[in-house]
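What you see below is based on every heavy atom in this structure, not just the backbone, and it leaves out hydrogens, waters and symmetry mates. We count residues from 1, following the sequence as given. As the structure is a computational prediction, the values presented were derived from the model and not from experiment.
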Amino acid sequence: MPREVGRQYKEILKKYIDSQSEEDLYVGQQFSRRFIEKQIAPEDVISIHKSALLELLPDLREEVWDSMDFLIEMMIHYGLTLREHQSLIRKQEVMQMEMNVATQVQGTLLKTTTPNVKGLDVGWVSQPAHQMNGDYVYFLNENQHVASVAVADVMGKGIPAALCMSMIKFGMDGLEQGDTDPRAVLDVINRIVEKSVDNSMFISMFYGKYDARSSTFSYSSAGHEPALYYHAASGTFKELDAKGLLLGIKTDVVYEEHAVEMQEGDFIAMMTDGVTETRTEEGFIEIGEIQQLLKDVRDQSAQKMAEHLYNELAGLQDYRLGDDFTIVIFKKDPEEV
């Protein structure tokens, strides 16, 4: 340790012991910056203090010097722990900066345009539980009569999930000139995922296609949550499920395809498990509660319906989502096509 620093510290300490004034205390506080400039460790500061006391107050009890030695040993370990902590904070700051950049890139890459098809009202909400979203919504706007949507959920978080989403978008972007029937779409995306995504990442997807000319909604699923179909005339719900493995498990998968004909006031709610597995202090909510929340606002626009469901379910969790939340609603307008 620098002798000059030790000498100066002793002088400042002596003045404070003699006067115990606020002015001399302030001088000592300012002098502490010298320790930082000279990169003097906490345990060395205590050694400097002990050396100064030995000269200024040599008649102190032996127990005082023993306590100083004890404090020096404590500060050695404290200094090591503090440096490790500071290193961890720096690493976390770097990771957070990288995560912020990745989030911005994800938001840019995964942008999608809500379809505008006569006779169809579309609303949706996709809210991540954390910084990056493991859910993905992609609209395929084929023409003025047809609108399609993919609702996907990557069973993972962070940057790996974002990379998976980017791969799915790459596949979806190439479909506009090809076969866009639900089973064909899932077949294409499945082959892309199987070749390009790590085996540890699992992806589910629900794909639906609405044709305004026939008011028909056709759909397929790759291990995803069933959609909810509300039949306005009877006031009842039906689950739209279709068999099919998760994306990327194997290449030769046959995906089922089904269809329903929508009437005025009917709507279809497609969602991820962040909706169906909403958990409160009492446990998971029942699917009937979700159905009732949607039914309560069935006369409102599709967007207001989606926002109502999100606000109600997020409110049950004090707006601390346990999982990414995504809901997409296709509602049959009363307009003639």
Side-chain angles (χ1 to χ4, degrees), residues 114 120-130 133-137 139 149-157 202-208 210 217 219-244 246 258-334:
T114 305
L120 179 68
D121 184 16
V122 179
W124 63 290
V125 171
S126 187
Q127 184 68 32
H130 303 291
N133 202 341
D135 291 351
Y136 178 45
V137 175
F139 293 105
V149 63
V151 179
D153 184 359
V154 176
M155 298 173 193
K157 304 298 178 189
F202 299 100
I203 306 170
S204 68
M205 179 184 286
F206 184 94
Y207 190 84
Y210 179 77
F217 180 83
Y219 60 94
S220 291
S221 176
H224 198 79
E225 292 288 315
L228 291 177
Y229 168 52
Y230 176 72
H231 185 242
S234 63
T236 59
F237 282 91
K238 173 186 176 182
E239 288 192 349
L240 301 184
D241 197 8
K243 293 181 180 179
L246 294 167
H258 303 291
V260 293
E261 184 177 342
M262 298 179 67
Q263 306 296 326
E264 181 180 320
D266 291 359
F267 65 82
I268 293 170
M270 296 154 275
M271 62 198 76
T272 58
D273 58 10
V275 179
T276 57
E277 296 180 4
T278 296
R279 187 165 189 166
T280 65
E281 293 180 356
E282 290 75 31
F284 292 107
I285 66 169
E286 300 292 335
I287 191 65
E289 296 179 64
I290 296 174
Q291 294 175 353
Q292 189 59 53
L293 287 171
L294 290 170
K295 191 174 182 179
D296 288 344
V297 290
R298 62 188 180 278
D299 294 328
Q300 297 187 24
S301 69
Q303 185 61 38
K304 287 184 177 179
M305 291 174 65
E307 291 172 358
H308 173 76
L309 184 66
Y310 168 73
N311 288 327
E312 290 295 322
L313 296 186
L316 293 176
Q317 305 171 75
D318 294 325
Y319 291 90
R320 294 192 292 267
L321 299 179
D323 196 1
D324 302 322
F325 183 107
T326 297
I327 175 82
V328 179
I329 295 178
F330 276 15
K331 183 178 181 182
K332 179 74 167 64
D333 269 345

List, one per line, each side-chain donor-acceptor pair under 3.5 Å for residues 269-277, sequence neighbours excluded.
| residue | atom | partner | partner atom | Å |
| --- | --- | --- | --- | --- |
| T272 | OG1 | D135 | OD2 | 2.9 |
| T272 | OG1 | T326 | N | 3.4 |
| T276 | OG1 | E225 | OE1 | 3.0 |

Open item on the list: Run W124 and T114 through side-chain contact (heavy atoms from CB on, under 4.5 Å) and show every step you take.
Closed with: CA-CA 9 Å; W124 63 290; T114 305; 3.0 Å; yes

State, to 0.1 Å, how close [X] and [Y] come at their nearest heavy-atom pair, and which atoms those are.
| X | Y | value |
| --- | --- | --- |
| Q127 | Y310 | CG-OH, 3.5 Å |
| L293 | H308 | O-CD2, 3.4 Å |
| G223 | S204 | O-CB, 3.5 Å |
| P128 | L321 | O-CD1, 4.0 Å |
| A232 | D266 | N-OD1, 2.8 Å |
| K331 | R298 | NZ-O, 2.5 Å |

TODO: Apply the side-chain contact (heavy atoms from CB on, under 4.5 Å) test between L228 and each candidate in I327, I268, I290, L240; give the one that qualifies.
DONE: I290

Donor-acceptor pair, [X] side chain versus [Y] backbone, under 3.5 Å?
| X | Y | answer |
| --- | --- | --- |
| Q292 | E289 | no |
| D121 | S301 | no |
| E239 | A227 | no |
| K295 | G235 | yes |

[atom1]-[atom2] distance between [X] and [Y], expressed to the nearest 0.5 angstrom:
| X | Y | atom1 | atom2 | result |
| --- | --- | --- | --- | --- |
| F206 | S220 | CZ | OG | 8.0 Å |
| T236 | Y230 | OG1 | OH | 7.5 Å |
| E264 | K332 | CD | NZ | 7.0 Å |

TODO: Return the orientation label for the H258 and Y219 ring planes: parallel under 30°, perpendicular over 60°, tilted otherwise.
DONE: tilted

TODO: Just say parallel, tilted or perpendicular for the rings of F139 and F330, cut-offs at 30° and 60°.
DONE: parallel

Open item on the list: Do I329 and L294 have side chains that approach each other closer than 4.5 Å (heavy atoms only, starting at C-beta)?
Closed with: yes

